[in-house]
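The figures that follow rest on heavy atoms only: side chains count, while hydrogens, waters and symmetry mates do not.
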Amino acid sequence: MAPIPNGETAIHVVEPKTKGEKSKKQHSQVVIIGSGPAGHTAAIYLARANLEPVLYEGMLANGFAPGGQLTTTTEVENFPGFPDGVTGTEMMDKFRAQSERFGTKIITETIARVDLTQRPFKYWTEGEEEEADFMTADTLIIATGASAKRLFLPGEETYWQSGISACAVCDGAVPIFRNKPLAVIGGGDSAAEEATYLTKYGSHVYVLVRRDELRASKIMAKRLTSHPKVTVLWNTVATECKGDGDLLQSLTIKDTKTGEEKDLKVNGLFYAIGHEPATSLVKSQLETDVDGYIKTVPGTAQTSIKGVFAAGDVQDKKYRQAITSAGSGCMAALEAERLISEEEAEDDEIETEDVHVPSEGYMGADKE
């Protein structure tokens with residue numbers, strides 16, 4: 001699988017102190033933080049490798065129920081294996097069931113504090129951050145995801161996923177948007193890309209830009225403004241979402257210069273104002289980029305600290321798809337398995353060729 005880029009080309013990997021104290025409360029070879037496609041894919045691979053992973057799915061961590069962002073999505077139609085589509089909640093229930101089937105220990109608690117200065121790594125759950133007792137893990141996989149930034153306009157909660165979305169690629173092809181007028185809020189490259197993408201499905205796309213210019217690159221701005229199915233509404237903000245109680249039907253928009261308000265008939269609203277990676281747990285200890293995403297060694301899931309891996313949207317600000325998250329979860333699991341195998345060989349003073357160590361190329365076990 002191609003690496004999931006995070007916008008960075010270099011990262012300095014630090015090897016933490018080793019031989020720290022193992023927890024008498026609970027010690028694991030691998031602990032996974034996060035319960036989206038990345039976390040559960042990692043768990044499935046690690047459980048099948050008999051590493052008995054522990055997965056913390058969180059209690060409304062990052063504002064989402066266990067399962068992550070997909071639990072807020074009604075229909076998923078672009079994940080292979082579901083030709084008729086599937087709800088996000090149903091898909092994550094299946095991921096969870098598969099993790100459990102192979103022996104993953106799933107804990108519905110939120111990890112609130114970690115200490116990455118030495119291995120095994122220490123961690124504490126919510127409500128126990130200041131207690132002397134801690135739990136430990138030889139390796140950690142951070143799969144805490146990211147959440148789309150929203151404006152929380154009046155009516156937004158009513159029509160969220162019933163006309164309002166934060167992912168055009170995920171939801172643009174849904175029937176309620178086909179051949180209907182749509183709106184995108186944002187002025188950067190992401191907004192330009194999403195609006196252009198939506199022209200494949202919508203009858204027309206309005207782009208609401210609060211200023212009198214786009215922040216997008218010149219080439220993206222030109223492509224957007226010259227598209228016959230796109231109208232850019234400058235100096236415009238949305239103030240309310242309206243509908244029939246079931247589906248979005250219009251937006252109230254306001255001219256930021258004149259203060260004039262009017263209704264814009266649209267059946268879809270897409271936010272393209274950025275995402276917030278859930279990195280507060282590790283941001284002060286792991287290298288992150290300017291937007292807060294965890295930096296990884298290109299082509300791998302390795303973070304700036306040896307033994308800590310990152311997978312899914314928490315390190316991917318480009319694709320942010322369920323399928324790419326799952327793929328990076330696989331990468332993190334295989335790299336964690338490799339590290340554990342190599343260290344076991346060293347500890348036992350056994351020749352490496354006598355120990356199962358995944359190969360440099362294909363490292364999985366889903367093919368013979």
Side-chain angles (χ1 to χ4, degrees), residues 13-36 38-40 42-43 46-47 51-69 71 96 99-100 103-147 276-288 292-295 301-315 329 332-333 336 339-340 343-344 347:
V13 179
V14 175
E15 186 155 350
K17 297 176 182 178
T18 56
K19 305 304 179 184
E21 180 186 359
K22 289 186 178 181
S23 171
K24 297 181 178 65
K25 190 175 181 181
Q26 176 176 290
H27 175 77
S28 310
Q29 288 186 294
V30 189
V31 164
I32 302 163
I33 308 175
S35 58
H40 278 298
L46 291 163
L51 290 177
E52 300 179 334
V54 175
L55 183 150
Y56 283 84
E57 61 182 1
M59 180 68 73
L60 290 179
N62 203 27
F64 297 114
Q69 281 194 90
T71 60
R96 193 181 194 279
S99 291
E100 286 188 306
T104 300
K105 182 179 180 181
I106 300 176
I107 300 175
T108 310
E109 291 186 67
T110 301
I111 293 182
R113 177 187 165 199
V114 295
D115 180 353
L116 307 181
T117 57
Q118 66 176 8
R119 294 179 65 200
F121 304 114
K122 299 176 182 178
Y123 66 94
W124 294 259
T125 55
E126 203 168 65
E128 300 181 345
E129 301 96 315
E130 305 304 322
E131 294 189 11
D133 285 344
F134 52 82
M135 290 168 281
T136 53
D138 294 324
T139 58
L140 284 175
I141 294 178
I142 311 298
T144 46
S147 55
E276 192 73 36
T279 52
S280 58
L281 179 67
V282 295
K283 197 171 183 179
S284 62
Q285 301 183 71
L286 294 178
E287 282 191 45
T288 57
Y293 289 83
I294 296 175
K295 293 169 65 174
Q302 175 63 59
T303 69
S304 58
I305 293 181
K306 184 178 179 180
V308 181
F309 306 92
D313 288 8
V314 76
Q315 56 85 58
L339 178 61
I340 290 168
E343 291 180 340
E344 285 179 346
D347 289 344

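- In this structure, E100 does not pair ionically with K105, as no charged nitrogen and carboxylate oxygen lie closer than 4.0 Å.
- When the ring-ring contact (aromatic ring centres under 6.0 Å, His included) test is applied to Y56, the partners found at least two apart in sequence or on another chain are Y123.
- Here the side chain of T144 pairs a donor or acceptor atom with the backbone of A278 at under 3.5 angstrom.
- The heavy-atom pair separating I141 from A42 by the smallest distance is CD1-CB, 3.9 Å.
- No side-chain heavy atom of V54 sits less than 4.5 Å from a side-chain heavy atom of Q29.
- Between P120 and D138 the shortest side-chain heavy-atom distance falls below 4.5 Å.
- Taking 4.5 Å as the limit, some side-chain heavy atom of V30 sits within range of a side-chain heavy atom of I340.
- Inter-residue side-chain proximity for V114 and Q285 is flagged as met; some heavy-atom pair is nearer than 4.5 Å.
- For the pair S35 and L55, the minimum side-chain heavy-atom distance is below 4.5 Å.
- Evaluation of the salt bridge (charged side-chain N to carboxylate O under 4.0 Å, His left out) rule for K25 yields E128 as partners, not counting sequence neighbours.
- Between D115 and F134 the shortest side-chain heavy-atom distance does not fall below 4.5 Å.
- Taking the side chain as every heavy atom from C-beta outward, L116 and L140 approach each other to under 4.5 Å.
- Remark: K306 engages no residue in a side-chain hydrogen bond (donor to acceptor under 3.5 Å, both in side chains) (not counting sequence neighbours).
- Residues meeting the salt bridge (charged side-chain N to carboxylate O under 4.0 Å, His left out) test with E129, sequence neighbours left out: none.
- Residues meeting the salt bridge (charged side-chain N to carboxylate O under 4.0 Å, His left out) test with K24, sequence neighbours left out: E21.
- Side-chain atoms of S99 never come within 3.5 Å of backbone atoms of A43 as a donor-acceptor pair (strictly under, hydrogens ignored).
- Residues V31 and F121 have side chains not in contact (no heavy-atom distance under 4.5 Å, counting atoms from C-beta outward).
- Closest approach of I142 to V314, counting heavy atoms only: O-CG1, 3.6 Å.
- With sequence neighbours left out, S280 forms a side-chain hydrogen bond (donor to acceptor under 3.5 Å, both in side chains) with no residue at all.
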